[in-house]
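To start, the structure itself, in structure tokens.
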There are 2 protein chains.
Amino acid sequence: MLKYSVIDETLKALAEPTRRAIVERLSKGPASVSDVAAPFDMSLAAVVQHLQVLEESGLIKTEKIGRVRTCSIEPKGWGTLADWIADRRTVMERKFDRLGEILAEDDTPTNKRKRKGKQK
Amino acid sequence: MLKYSVIDETLKALAEPTRRAIVERLSKGPASVSDVAAPFDMSLAAVVQHLQVLEESGLIKTEKIGRVRTCSIEPKGWGTLADWIADRRTVMERKFDRLGEILAEDDTPTNKRKRKGKQK
DNA sequence: CGAATACTAAAGTGTATGCTTAAGTATTCG
DNA sequence: CGAATACTTAAGCATACACTTTAGTATTCG
């Protein structure tokens, strides 16, 4: 319930099997809403809702021409996601370099005594 | 719902601001449950629940010694996540090569798609 | 020992999310 | 034109999720 961010919407969008399946379909090429929906055992309206979440997150984009809406991957959204993960891994690996195998065995006592009683 | 998978739990775990903040804290080094919880304006029990989700997803690991549970990053979980994203991007980029700049630029309102490839 | 510490476990609550169905709006085709 | 197509919108519902509070269990310290 903290603040919103791009990475938040991106990860929320992908944290759903149906939406990941949609994304995997689109990563092979653009498709209409109906085409995207076809393989799924759910209503077209439900798939449309998933597509909206994906579009708002910036992972895909859509464009309506005539009565057909064509959906495709939006590379930019994937960049920010990959960057965030890469950042985390960089910090971790720097830590590994610095501390050797401490994380691997991690019995080091981080006994920072907190004497503040503030628990909430 | 479809079937569960490792990547599903991983992404669900990270699709939450508090859990990402925890992960960012731990990526700088191991910490006790209390230490992890300290910066957050919520009960310790709530933070423990987040830690459980993160541990079940394989992104962190914990070990209890005495009365202190120490939490740390589990690099393996991050590998599977990064791999999944890398896979998606690989497929996309192969597609971009094939379709040229169609996916990259079509923000322009004048979208005359030249159909120089099979669409489906 | 008994009190403080550091979690742990369980039950409950409000809201968000993933669906459904039904009805409506454009657009294309014969 | 009128019917078929391709969504679109809205409302409702059941479950999942992020918390809360309360109470309990180990472990350490004076």
Side-chain angles (χ1 to χ4, degrees), chain A residues 1-4 8-23 26 30-57 60-72 107 109-120, chain B residues 1-4 8-23 26 30-57 60-72 111 119-120:
Chain A
M1 302 281 185
L2 301 176
K3 61 182 176 183
Y4 253 26
D8 194 75
E9 288 192 53
T10 304
L11 286 164
K12 275 198 164 76
L14 288 176
E16 221 284 335
T18 304
R19 285 196 289 264
R20 277 201 308 287
I22 290 173
V23 146
L26 292 180
S32 71
V33 171
S34 308
D35 285 351
V36 169
F40 297 104
D41 187 24
M42 68 179 70
S43 71
L44 192 141
V47 172
V48 169
Q49 284 163 21
H50 283 307
L51 286 169
Q52 282 166 355
V53 172
L54 285 168
E55 184 162 25
E56 277 156 29
S57 79
I60 72 167
K61 61 180 181 246
T62 75
E63 188 194 14
K64 192 163 189 177
I65 298 172
R67 62 185 172 181
V68 176
R69 179 171 296 277
T70 301
C71 314
S72 53
D107 291 338
T110 16
N111 286 337
K112 305 182 63 173
R113 295 258 206 161
K114 296 212 132 179
R115 352 261 308 274
K116 309 174 45 173
K118 180 188 175 243
Q119 204 81 330
K120 306 187 173 174
Chain B
M1 302 302 172
L2 303 175
K3 61 180 177 184
Y4 254 29
D8 194 76
E9 289 191 53
T10 304
L11 285 164
K12 276 200 163 76
L14 288 176
E16 222 283 337
T18 304
R19 284 196 291 263
R20 278 200 309 286
I22 290 173
V23 147
L26 291 180
S32 71
V33 171
S34 308
D35 284 351
V36 169
F40 297 103
D41 187 25
M42 68 180 68
S43 70
L44 192 140
V47 172
V48 168
Q49 284 164 20
H50 283 309
L51 287 169
Q52 283 165 355
V53 172
L54 285 168
E55 184 163 25
E56 277 156 29
S57 79
I60 71 166
K61 60 177 183 256
T62 74
E63 188 193 12
K64 192 164 189 177
I65 298 170
R67 62 186 171 179
V68 176
R69 178 172 297 277
T70 301
C71 314
S72 54
N111 266 318
Q119 204 84 331
K120 173 173 182 250

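To find a chain, count down the sequence lines: A is the first, B the second, and so on, and within it residues start at 1.
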Rounded interatomic separation in angstrom, taking [atom1] from [X] and [atom2] from [N]:
X: A:Q52; N: D:dC7; atom1: CD; atom2: P; answer: 13 Å
X: A:E9; N: C:dA16; atom1: CD; atom2: C1'; answer: 14 Å
X: A:D8; N: C:dT17; atom1: CG; atom2: C1'; answer: 14 Å
X: B:L44; N: D:dT22; atom1: CG; atom2: C1'; answer: 14 Å
X: A:K12; N: D:dA16; atom1: NZ; atom2: P; answer: 18 Å
X: A:E63; N: D:dT8; atom1: CD; atom2: P; answer: 12 Å
X: B:E56; N: D:dC17; atom1: CD; atom2: C1'; answer: 14 Å
X: B:M42; N: D:dT21; atom1: CE; atom2: P; answer: 12 Å

Side chain B:E16 and base D:dC17 donor-acceptor under 3.5 Å: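 A donor-acceptor contact between them is absent.
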Identified pairing partner of D:dC29, criterion: Watson-Crick or G-U wobble below 3.5 Å: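 D:dC29 is paired with C:dG2.
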If you compare all heavy atoms of [X] against all heavy atoms of [Y], which two are closest, and at what distance to 0.1 Å?
X: B:L11; Y: A:L14; answer: CD1-O, 3.5 Å
X: A:C71; Y: A:V33; answer: SG-CG2, 4.1 Å
X: B:E9; Y: B:S57; answer: O-CB, 3.6 Å

Earlier contact from the 5' end, DNA chain D, for A:Q49 and B:A15: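 Going by which nucleotide is closer to the 5' end, it is A:Q49.
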Taking OP1 and OP2 of [N], is either one under 4.0 Å from a side-chain nitrogen or oxygen of [X]?
X: B:H50; N: D:dC19; value: yes
X: A:S43; N: C:dT21; value: no
X: B:T62; N: C:dC7; value: no
X: A:K64; N: C:dT27; value: no
X: B:R19; N: D:dA18; value: yes
X: A:T18; N: C:dC19; value: yes
X: A:S34; N: D:dT5; value: no

Upstream residue (5' side of DNA chain C) when A:V47 and A:G66 are each assigned their closest nucleotide: A:V47
Given [options], which nucleotide is nearest the side-chain atoms of [X]?
X: A:V68; options: D:dA6, D:dT20, C:dC19; result: D:dA6
X: A:A45; options: D:dT21, D:dC7, C:dT21; result: C:dT21
X: B:R69; options: C:dC7, C:dA9, D:dC17; result: C:dC7
X: A:R67; options: C:dC7, D:dC19, C:dT28; result: C:dT28

Beyond-backbone contact of B:Q49 with B:M42, side-chain heavy atoms, under 4.5 angstrom: no
Any side-chain heavy-atom pair of A:S32 and A:R67 under 4.5 Å: no
